[in-house]
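First the structure, in the form of structure tokens, and then the observations on it.
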Amino acid sequence: MTKRGRFFAGALIGGTAAAVVALLLAPKSGKEMREDLAKKTDEWLDLASDYTDDFVSKTSEVGSIVKERASDLGDQANDLASNVKSKVSDSMDDMDDITSDTLEDLKRQSSDLSDRFRKAAGDAKDVAEDASEDIVIDVKETKEEAKETVTEGADELADKAKEVNEEKPAFEEVKEELKEEVEKNNPE
């Protein structure tokens with residue numbers, strides 16, 4: 001995972017944790033808290049989805065640029081190879097004095113050079129395509145990890161909300177205390 005991916009995951013987890021703590025410490029009823037938790041969960045899921053979509057878009061753009069540059073490099077290598085072949089061919093016409101062995105060596109070297117340029121261009125294009133595919137795979141994995149993290153956070157929030165609802169005070173005791181207070185203050 002890249003540094004940006006780890007940062008994004010950390011920021012998402014930290015933000016989720018902060019939202020959970022803020023909601024749990026707020027003096028609200030269980031119903032309001034559940035509504036707030038559901039709302040915040042939806043907001044975080046939307047935010048995670050937006051960031052993931054942006055990241056996928058950017059990596060696709062980078063992949064396209066890399067492929068385009070690799071293609072340009074291949075075209076330049078082919079042009080260079082054609083120019084070298086052309087110049088060698090022109091030079092051969094002008095040099096009637098050179099022996100046939102020397103001419104054959106020049107042709108072979110020119111052909112070898114052309115083959116090397118083509119191979120180098122092909123290798124560069126393959127590397128660029130592999131890098132682009134790796135980036136897309138990493139983005140998809142990061143997206144899935146972010147979804148899992150948000151889902152786990154939402155599950156934990158739901159569990160905590162359930163715990164808070166289960167820990168309601170005994171209303172009969174509170175009712176009796178209020179009744180005693182009212183009787184103390186209003187002796188009739």
Side-chain angles (χ1 to χ4, degrees), residues 1-20 38-157:
M1 185 182 281
T2 65
K3 288 183 181 179
R4 287 184 185 171
R6 288 190 295 249
F7 174 77
F8 174 69
L12 187 62
I13 292 169
T16 302
V20 169
K39 183 178 177 182
K40 287 295 180 185
T41 300
D42 288 343
E43 289 174 9
W44 280 101
L45 286 172
D46 290 344
L47 183 63
S49 178
D50 290 346
Y51 280 125
T52 302
D53 292 344
D54 287 346
F55 192 68
V56 168
S57 173
K58 295 292 183 199
T59 54
S60 294
E61 289 173 19
V62 169
S64 296
I65 290 170
V66 168
K67 285 181 182 178
E68 184 179 310
R69 296 271 165 87
S71 178
D72 290 346
L73 181 60
D75 292 344
Q76 289 175 357
N78 285 334
D79 289 345
L80 180 60
S82 295
N83 286 338
V84 168
K85 277 186 174 181
S86 175
K87 288 186 182 201
V88 168
S89 179
D90 291 345
S91 296
M92 287 180 0
D93 292 341
D94 293 341
M95 299 184 154
D96 291 333
D97 298 342
I98 298 175
T99 65
S100 63
D101 290 340
T102 305
L103 289 175
E104 290 301 319
D105 283 344
L106 287 174
K107 285 182 185 179
R108 184 181 44 78
Q109 288 175 1
S110 173
S111 179
D112 288 346
L113 184 60
S114 295
D115 292 342
R116 287 181 188 171
F117 278 125
R118 282 191 186 104
K119 185 178 184 309
D123 290 347
K125 188 174 182 179
D126 291 343
V127 168
E129 288 174 353
D130 289 346
S132 176
E133 291 171 3
D134 289 346
I135 289 170
V136 170
I137 290 169
D138 287 345
V139 167
K140 287 179 181 176
E141 289 174 356
T142 301
K143 179 181 178 181
E144 290 302 318
E145 290 174 3
K147 281 183 179 178
E148 289 175 13
T149 301
V150 170
T151 301
E152 289 172 4
D155 291 344
E156 289 179 20
L157 286 175

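Below, all heavy atoms of this structure are taken into account, side chains as well, without hydrogens, waters or symmetry copies.
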With sequence neighbours left out, what residues match Ile65 under side chain to side chain contact (heavy atoms under 4.5 Å, CB included)?
Arg69

Does any part of the side chain of Ser49, heavy atoms only, come nearer than 4.5 Å to the side chain of Leu45, both counted from C-beta?
no

Give, for atom OG1 of Thr52 and atom CG of Leu47, the distance between the pair rounded to the nearest 0.5 Å.
9.0 Å

Atom pair NZ/CG of Lys119 and Asp126 - distance to nearest 0.5 Å:
9.5 Å

Is there a donor-acceptor pair closer than 3.5 Å between any side-chain N or O of Thr142 and the backbone N or O of Asp138?
yes

Check whether any side-chain N or O of Ser82 sits under 3.5 Å from a backbone N or O of Asn78 as a donor-acceptor pair, and report yes or no.
yes

Start with the C-alpha gap between Arg116 and Asp112, add the side-chain angles, then the distance that decides, and say whether salt bridge (Lys or Arg N to Asp or Glu O under 4.0 Å) holds.
CA-CA 6 Å; Arg116 287 181 188 171; Asp112 288 346; 5.4 Å; no

Throw together a table of side-chain donor-acceptor distances under 3.5 angstrom for residues 56-63, partners on residues two or more places apart or in other chains.
residue : atom : partner : partner atom : Å
Thr59   : OG1  : Phe55   : O            : 3.1
Thr59   : OG1  : Val56   : O            : 2.9
Ser60   : OG   : Val56   : O            : 3.0

In Å, rounded to the nearest 0.5 Å, how long is the span from CD of Glu144 to OG1 of Thr151?
9.5 Å

Residues in side chain to side chain donor-acceptor pair (under 3.5 Å) with Lys39, at least two apart?
none

